[in-house]
Amino acid sequence: MQASQELREKLVLVIGNLICRCIEEARKVPYILDQEEVVRILVENPRLFEKLVRDEQLESTEFSKEKLTARLDTLRELGQFEALDTWDMSFSGRIESNADLAPILKQVNQLSRTFAVYVSNTLAIFEREFELFMEKFHQSLQRAGVTARSMELTTKDLSGLARRAEPYLTSGQFLQAFSFDRLLNSQVITKDAIIVPSPGYSFKRDLMQGALKDVKPFSPLVKFILRVSYISQGTWNELFDVLVNLVDTQPGRFSRAELIDLIQQDIIFTCNLLCEPLANIKDWSPAKRSAAIEKKLTAGSRDTGRT
C-alpha cells in the first residue's frame, strides 16, 4: 500500500510543527564571557551576574573563576537586523567615505557571526529531531503495512507548509519564515526520506507570493532581503532573485521603481550589487544610480553578498 494523500498531509503538518519548534529552540546558544566582561557585569549589574551564575549551575555548564557561560538569545540579537536602523545608510545621509562606513561594517560583521551561529544551530537541531522522527515514522508505517520509504511531496503538499510559515512572514518575523525553506532543503530531508517536487517549484516564491496579498509588508520585507544578502555573506542571495522575479512578473502588485528606491537606501547592498566601491558611486546623481541598478536587475547577474 502506497502513502495516501491523508498520510502526506499529516506528515506535512508534523514537519511544519517540528520546524517551528526547532526555530525556537535554536535561539538560545551558549556564549562564553571573557574575564573583563565578567568583571564589568559584576560591577555594573550584580543581579545579572548572580542570575548568570545561577542559570549556569542549574544547567550544569562549564564554570570557572575566570569565565562564565551566558545564554545568548540569537533571535533577539538579530531581530530583523534592526541594529542597522540606528545608521542612515542612504546615499543622502552622512556617509561620505569608507571611514564613515567602518562602524556600520563592524555592526554587519557582528550580525553575520550571530546569524551564522543561529542558522547552524537551527540546522543541527532540526536534522537531529527529523532523523529521530523519521525513524519512528517508518517503523509505524511498516507495522501498518504501508510502503513509503521515499515519500514524494507534491506542490500542493508543500503549499501547506508555506501556509504554516506564513504567520511568521505576515508578522514581520522574516528570518523565521525563510528558515522553513533552508530546513526543507537540508540534506536530512532530501537524501532519502522525502522527494520534493521538480526544480521548477520554489518554496520561497510560494511563501512570498502567498503572504504578500497585502502590499503593506513589501517595504520591510525588501529591507530584510537586502540586508540578509550581505549579512549571510551571500548564502541567502536567492531570496533577492525571487523578489526581483516577483516584481517583474507581477508589476501590478509590486513596483520596480519602489524596489530601486529601497535599494538606494542601503549603501552596502547597492555597492555590492553594482560591484562598485563607495567612493565611485557616492557622488552619482540618484538618476544615474537608479539607471545602474535598473541595468543590473535587468541583466540578472547579481553578487549581493560582498561587504
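These numbers come from the heavy atoms of this one structure, side chains and all, not from hydrogens, waters or symmetry mates.
Here the side chain of Ser112 pairs a donor or acceptor atom with the backbone of Ile231 at under 3.5 angstrom. At distances below 3.5 Å, at least one donor-acceptor pair connects side-chain atoms of Ser232 with backbone N or O atoms of Val228. Remark: side-chain polar atoms of Ser229 are not paired, donor with acceptor, to backbone N or O of Gly234 under 3.5 angstrom. With Ser171 contributing its side chain and Tyr168 its backbone, the two residues share a donor-acceptor pair below 3.5 Å. Without hydrogens or angle criteria, Asn109 side chain to Leu105 main chain gives a donor-acceptor distance under 3.5 Å.
Applying the side chain to side chain donor-acceptor pair (under 3.5 Å) criterion to Asn121, with sequence neighbours excluded, gives no partner residue. Not counting sequence neighbours, Tyr230 has no partner by the ring pair (Phe, Tyr, Trp, His ring centres under 6.0 Å) test. Partners of Thr86 by side chain to side chain donor-acceptor pair (under 3.5 Å), not counting sequence neighbours: none found.
Ion pairing of Arg205 with Glu238 is absent here, as no side-chain N (NZ or NE/NH1/NH2) approaches a carboxylate O to less than 4.0 Å. Using a 4.0 Å cut-off between charged nitrogen and carboxylate oxygen, Glu24 and Arg21 do not count as a salt-bridge pair. A salt bridge between Arg227 and Asp85 is present, with a side-chain N of the basic residue lying under 4.0 Å from a carboxylate O of the acidic one.
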Practice item. Quick one: do Asp100 and Arg94 satisfy side-chain contact (heavy atoms from CB on, under 4.5 Å)? Show the steps, please. Key: CA-CA 8 Å; Asp100 297 327; Arg94 298 180 179 179; over 6 Å; no
Exercise for review: For side-chain contact (heavy atoms from CB on, under 4.5 Å), just list the numbers for Leu274 and Trp284, CA-CA rounded to whole Å, side-chain angles, deciding distance to a tenth of an Å, and then say yes or no.
Suggested key: CA-CA 13 Å; Leu274 299 181; Trp284 289 4; 4.1 Å; yes
Exercise for review: Carefully, step by step, assess Leu243 and Leu259 under the rule side-chain contact (heavy atoms from CB on, under 4.5 Å).
Suggested key: CA-CA 9 Å; Leu243 175 67; Leu259 175 60; 3.9 Å; yes
Point to revise | Worked verdict on Arg256 versus Leu297 for side-chain contact (heavy atoms from CB on, under 4.5 Å) | key: CA-CA 10 Å; Arg256 171 73 80 97; Leu297 296 183; 3.5 Å; yes
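Between Ser186 and Leu123, the closest heavy-atom pair is CB-CD1, 3.5 Å. Considering all non-hydrogen atoms of both residues, Thr114 and Glu77 come closest at CG2-CB, 4.1 Å. The shortest heavy-atom contact between Ile95 and Met89 is CD1-CA, 4.2 Å. Nearest heavy atoms, Met208 versus Val242: CE-CG1, 4.0 Å. Ile281 approaches Cys271 most closely through the heavy-atom pair CD1-SG, 3.7 Å. Residues Leu207 and Ala162 share a closest heavy-atom pair of CD1-O, 3.5 Å.
Separating the SG atom in Cys275 from the CG atom in Asn280 is a distance of 12.0 Å, to the nearest 0.5 Å. Note that the CG atom of Leu101 and the NZ atom of Lys106 stand 14.0 Å from one another [nearest 0.5 Å]. Taking CD of Gln250 as the start and CD of Gln209 as the end, the distance is 4.5 Å to the nearest 0.5 Å. Note that CD1 of Ile225 and CG of Asn237 are 11.5 Å apart. Values are rounded to the nearest 0.5 Å. Expressed to the nearest 0.5 Å, how far CG of Leu278 lies from CD of Glu276 amounts to 11.0 Å. Here the CD1 atom belonging to Ile263 is positioned 9.5 Å from the OG atom belonging to Ser290, to the nearest 0.5 angstrom.
Residues Leu84 and Leu111 meet the side-chain proximity criterion, which asks for heavy atoms closer than 4.5 Å. Ile19 places none of its side-chain heavy atoms less than 4.5 Å from the side chain of Ser179. Between Leu262 and Lys223 there is no side-chain heavy-atom pair separated by less than 4.5 Å. Here the side chains of Tyr118 and Ile23 are in contact, with some heavy-atom distance below 4.5 Å. Using a 4.5 Å cut-off on side-chain heavy atoms (C-beta onward), Ser255 and Phe218 make no contact. The side-chain heavy atoms of Leu221 and Leu169, taken from C-beta on, include a pair separated by under 4.5 Å. Taking the side chain as every heavy atom from C-beta outward, Thr270 and Phe91 approach each other to under 4.5 Å. The shortest distance between side-chain heavy atoms of Ser219 and Glu258 falls below 4.5 Å.
Other residues sharing a hydrophobic cluster with Ile125 under the 4.5 Å side-chain heavy-atom criterion for ILVMFWY residues do not exist; the residue is a singleton.
Checked against Arg164 for a side-chain contact (heavy atoms from CB on, under 4.5 Å), the options Val12, Asn17, Ile15 give a single hit: Asn17.
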Could you pull out all donor-acceptor pairs under 3.5 Å where a side-chain atom in residues 42-49 meets a protein atom, sequence neighbours excluded?
{"unit_1": "Glu44", "atom_1": "OE1", "unit_2": "Arg40", "atom_2": "NH1", "d": "3.2"}
{"unit_1": "Asn45", "atom_1": "OD1", "unit_2": "Leu48", "atom_2": "N", "d": "3.1"}

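There is a side-chain donor-acceptor pair under 3.5 Å between Asp181 and Asn185.
Leu13 and Phe133 fall into different hydrophobic clusters, where Ile, Leu, Val, Met, Phe, Trp and Tyr side chains are chained together by heavy-atom contacts under 4.5 Å. Under a hydrophobic clustering in which Ile, Leu, Val, Met, Phe, Trp and Tyr are joined whenever their side-chain heavy atoms come within less than 4.5 Å, directly or via other members, Leu11 and Tyr201 fall into the same cluster.
Note on residues 8-28: no pairs pass ring pair (Phe, Tyr, Trp, His ring centres under 6.0 Å), not counting sequence neighbours.
Ring pair Phe174/Trp236: centre-to-centre distance not below 6.0 Å.
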